[in-house]
Trainee: 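So that we are looking at the same thing, I have put the structure below in structure tokens.
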Amino acid sequence: MTTSSHATVFDIHLLQEQICSHLSLRDIRRCCLVSKDFYHNFTPFLYRNILIHRKSTYNKFHTPESLAALAKHRDQVTHVNCVFAQIWKTLLDCGCHNLVGLTSGHLPKRDSNRDQNRFQTRYITDLIEANPRLYTVELSQFLFEPEVVARFCSVLRNHTQLRELSILCPKSNLSWKLINLLTWSSFHLEKLHIALDTYFRRGGERPRGELQGCESLASSKEPDFALKELALTFRVPSHQTKSLFRLLGCTPHVERFVAPAIDDDGSMNGLISLMQTTMTNIQHLNVHSLWVQGDPVVRLVSLCRNLKSFVSSPIQRGIHLVADALLLHHRDTLEELHMVRAARITTQQVLAFLEECPKLRIVDMMVTMEKSSPDQEVMTRQRIGDAIVSTGEMDATCGISWACTGLRVLKLRYAVPERGQDEENQEVDESDEWVLPSVLYNRIAELTQLETLWLGKVEPPIVADDSFMLAIHVGRGQIPPELRPPPPPTSESEIRQRKIGTLNMSKALLAWRSLPRLRQLHLRGLKNFIDKDTVREARKSWMELEWICYR
């Protein structure tokens with residue numbers, strides 16, 4: 001027996017809660033245009049996430065019509081992400097008391113926006129206090145005034161639902177006392193991230209009474225912080241390391257740790273001692289801010305148990321020792337590896353990560369932005385400090401498959417061997433392996449789960465002279481003849497070599513059609529060998545591709 005229903009497609013708004021939970025704001029706007037009923041039923045969900053990153057959008061948001069609509073749908077507002085902190089007072093005036101997430105970024109190129117945001121902390125504090133469901137707060141340009149910080153910390157300690165706090169301040173004038181007050185008020189948080197670009201005044205050790213006053217905020221003689229993620233990315237003066245280590249000694253549950261900027265071996269020994277006794281559950285280690293040599297970092301890596309992710313420092317001289325420690329202790333558990341500007345890592349070590357770490361999901365060994373140069377050809381030829389894989393050394397291991405079959409992100413720079421030259425005919429040896437060797441692109445083609453692929457081709461090292469350094473660092477002067485852009489190919493040999501290189505790159509692009517999940521493809525130093533027709537053919541297999549860039 002079948003039952004009949006009188007529901008029509010125009011009654012879809014009855015399931016609006018379930019439908020809108022899976023739709024983007026753009027799709028919800030389109031639903032509002034279907035009919036008048038759809039408009040009235042779907043419009044409230046447009047206020048679920050408020051995202052404002054432009055001044056024009058901010059001005060439209062404060063028109064009388066928009067403010068009236070905000071007051072009407074204030075209970076629907078749960079997440080706000082706005083780079084203009086003046087919006088917090090507007091949310092208070094409209095009575096938005098159902099917030100779950102607050103994010104206040106900054107516009108780094110606008111000093112006026114930065115200065116205006118600094119004086120909105122008092123309103124942000126009131127807004128946090130007025131929203132009992134608030135879970136995540138991310139602030140930028142925090143105003144470190146004693147009375148403002150004291151009020152903020154009081155609200156932080158008394159809030160029952162707040163679990164994640166991030167304060168990112170590029171430039172701040174603060175004292176270590178306020179930092180202690182803020183950190184010791186975070187005993188019930190699960191995530192604390194404080195990033196500062198400041199310099200603490202040198203002086204004597206903090207009086208014990210002031211430190212005990214901060215410890216009393218935790219309402220326990222032996223406090224046990226609930227923190228699982230801790231990031232303190234600022235420079236710690238040597239005379240304040242004891243107070244920092246006293247705080248770290250109360251965080252036994254930390255799993256994701258970003259070490260502060262420490263530049264002396266004595267402080268490193270204290271951090272190593274804490275990881276031996278208290279902080280024994282670290283599974284994600286970030287040492288990007290450390291200013292020490294490789295040996296102390298090797299000890300930190302060896303003390304971690306089941307390390308899943310690691311971020312190296314770009315100024316460590318013993319980075320090759322750190323790579324050996326990672327392979328020795330964590331090859332079976334490592335999932336993310338970020339080693340940008342790790343030039344001392346050898347090709348064998350890079351291949352060892354790919355061949356011996358089966359759980360790797362992210363391998364990042366390539367800078368996002370390169371240094372500026374007066375000439376693009378120079379940019380493709382200079383080595384800027386990244387680890388470089390020599391494809392000539394890969395030939396010896398071409399029969400070994402990569403173990404990380406589930407790799408999703410691969411960012412890597414490679415170099416091909418120098419091409420041979422016929423001394424009699426003065427012609428370059430015609431080979432199809434001098435652009436992108438098959439030993440490399442075939443291995444990449446086997447990574448069927450790959451979503452992000454960045455490859456950078458570099459030429460063999462070049463001896464730099466004074467005029468070269470002048471052109472690179474100053475951006476003026478004459479480029480040496482050996483570094484000037486080569487003229488367009490004119491001879492038959494040069495044209496034939498260009499065609500061979502283009503054919504080789506086309507083979508690689510067609511081989512990568514086996515990567516159906518590819519979203520981002522970035523190729524450096526290969527622009528001259530890209531055939532656009534081949535790119536169009538390959539893109540048919542990349543249904544989720546967001547963008548492709550080659551230069």
Trainee: Are the side chains of F245 and L248 in contact, using a 4.5 Å heavy-atom criterion?
Mentor: yes

Trainee: Just so I know, are the side chains of T233 and N286 near enough to count as touching, which here means a heavy-atom distance under 4.5 Å?
Mentor: no

Trainee: From L134 CG over to H159 NE2, what is the distance, rounded to the nearest 0.5 angstrom?
Mentor: 5.0 Å

Trainee: CZ of R299: more than 12 outside heavy atoms within 6.0 angstrom?
Mentor: no

Trainee: Can you find a pair of side-chain heavy atoms, one from L168 and one from H193, that are under 4.5 Å apart?
Mentor: yes

Trainee: Between the side chains of T136 and E164, is a donor N or O closer than 3.5 angstrom to an acceptor N or O?
Mentor: yes

Trainee: Taking atom NZ of K411 and atom CG of D386, what is their separation to the nearest 0.5 Å?
Mentor: 11.0 Å

Trainee: Can you name the nearest heavy-atom pair linking C94 to R74, along with the distance?
Mentor: O-CD, 3.1 Å

Trainee: Apply side chain to side chain donor-acceptor pair (under 3.5 Å) to R133 and N98, showing your working.
Mentor: CA-CA 6 Å; R133 296 181 63 241; N98 201 31; 2.8 Å; yes

Trainee: Considering non-hydrogen atoms only, spot the tightest contact between I194 and F234 and give its length.
Mentor: O-CD2, 3.7 Å

Trainee: Starting at CH2 of W454, measure out to OG1 of T368 and round the result to the nearest 0.5 Å.
Mentor: 4.5 Å

Trainee: E546: what forms a side-chain contact (heavy atoms from CB on, under 4.5 Å) with it, not counting sequence neighbours?
Mentor: R519, Q520

Trainee: Taking only residues two or more places apart in sequence or in another chain, which ones pass ring pair (Phe, Tyr, Trp, His ring centres under 6.0 Å) with H188?
Mentor: none

Trainee: Which atom names give the shortest non-hydrogen contact between M339 and I319, and what distance separates them?
Mentor: CE-CD1, 4.4 Å

Trainee: Could you work out, with side-chain contact (heavy atoms from CB on, under 4.5 Å) as the rule, every residue matching L328, not counting sequence neighbours?
Mentor: none

Trainee: Evaluate side chain to side chain contact (heavy atoms under 4.5 Å, CB included) for L360 paired with L337, printing each intermediate quantity in order.
Mentor: CA-CA 8 Å; L360 267 181; L337 183 65; 4.3 Å; yes

Trainee: How many angstroms lie between atom CG of L515 and atom OG1 of T452, to the nearest 0.5 angstrom?
Mentor: 11.5 Å

Trainee: Just so I know, are the side chains of R256 and S309 near enough to count as touching, which here means a heavy-atom distance under 4.5 Å?
Mentor: yes

Trainee: Rounded at 0.5 Å granularity, tell me how far CG in L407 sits from CZ in R361.
Mentor: 8.0 Å

Trainee: Distance-only, no hydrogens or angles: does the R305 side chain make a donor-acceptor pair with backbone N or O of S302 under 3.5 Å?
Mentor: no

Trainee: I'd like to know if the side chain of S104 and the backbone of S140 have a donor-acceptor N/O pair within less than 3.5 Å.
Mentor: no

Trainee: If I compare all heavy atoms of I444 with all of L410, which pair ends up nearest, and what's the gap?
Mentor: CG1-CD2, 4.1 Å

Trainee: Using the side-chain contact (heavy atoms from CB on, under 4.5 Å) criterion, which residues pair with R151? Sequence neighbours excluded.
Mentor: T125, D126, E129, V155

Trainee: Would R524 and M366 count as a side chain to side chain contact (heavy atoms under 4.5 Å, CB included) here? Give the steps.
Mentor: CA-CA 11 Å; R524 295 183 189 172; M366 186 175 177; 3.3 Å; yes

Trainee: Counting only pairs under 3.5 Å, give me each side-chain donor-acceptor contact of residues 272-283, with atom names and distances, residues two or more places apart or in other chains.
Mentor:
| residue | atom | partner | partner atom | Å |
| --- | --- | --- | --- | --- |
| T277 | OG1 | S273 | O | 3.0 |
| N281 | ND2 | P252 | O | 3.0 |
| Q283 | OE1 | K308 | NZ | 3.4 |

Trainee: Please report the shortest heavy-atom distance between C404 and L447, naming the atom on each side.
Mentor: O-CD2, 3.4 Å

Trainee: Atom CG in L230, atom OG in S186: separation rounded to 0.5 Å?
Mentor: 9.0 Å

Trainee: Once the angle between the rings of F225 and F187 is folded into 0 to 90°, is it parallel (under 30°), tilted (30 to 60°) or perpendicular (over 60°)?
Mentor: perpendicular

Trainee: Should the heavy atoms of other residues, nucleotides or ligands under 6.0 Å from NZ of K191 be counted, would the total exceed 12?
Mentor: yes

Trainee: Check residues 344-354 and write down every donor-acceptor pair under 3.5 Å in which the side-chain atom is one partner and the other belongs to a residue at least two apart or another chain.
Mentor:
| residue | atom | partner | partner atom | Å |
| --- | --- | --- | --- | --- |
| T346 | OG1 | Q349 | N | 3.3 |
| T347 | OG1 | S390 | N | 3.0 |
| Q348 | NE2 | E393 | OE1 | 2.8 |
| Q349 | OE1 | T346 | N | 3.2 |
| Q349 | NE2 | H320 | O | 3.0 |
| Q349 | NE2 | D324 | OD1 | 2.8 |

Trainee: Can you tell if the side chain of N49 reaches within under 4.5 Å of the side chain of N81, non-hydrogen atoms only?
Mentor: no

Trainee: Would you say that Q161 contacts Y135 through its side chain, given a criterion of any heavy-atom pair below 4.5 Å between the two side chains?
Mentor: no

Trainee: What pair of heavy atoms forms the shortest contact from I124 to W88, and how long is it?
Mentor: CG1-CD1, 2.8 Å

Trainee: Using a 4.5 Å cut-off on heavy atoms from C-beta on, say whether the side chain of L271 contacts that of F257.
Mentor: yes

Trainee: Checking K89 against D93 for the side chain to side chain contact (heavy atoms under 4.5 Å, CB included) test, could you report, in this order, the C-alpha distance in whole Å, the side-chain angles of both residues, the deciding distance, and whether it holds?
Mentor: CA-CA 6 Å; K89 188 177 185 301; D93 296 339; 3.2 Å; yes

Trainee: Go through the steps to decide whether I50 and L70 satisfy the test side chain to side chain contact (heavy atoms under 4.5 Å, CB included), and finish with yes or no.
Mentor: CA-CA 10 Å; I50 297 177; L70 177 64; 4.1 Å; yes

Trainee: Say whether, by atom type as modelled, one donor and one acceptor occur between the side chain of S154 and the main chain of A150 under 3.5 angstrom.
Mentor: no

Trainee: Within the distance-only criterion (no hydrogens, no angle test), does the side chain of S289 pair as donor or acceptor with the backbone N or O of P260 below 3.5 angstrom?
Mentor: no

Trainee: Please check if the side chain of S66 supplies one atom and the backbone of K60 the other of a donor-acceptor pair under 3.5 Å.
Mentor: yes

Trainee: Indicate yes or no: at least one non-hydrogen side-chain atom of L244 is less than 4.5 angstrom from one of L232.
Mentor: yes

Trainee: Among R331, E336, H330, E335, whose side-chain contact (heavy atoms from CB on, under 4.5 Å) with K359 holds?
Mentor: E335

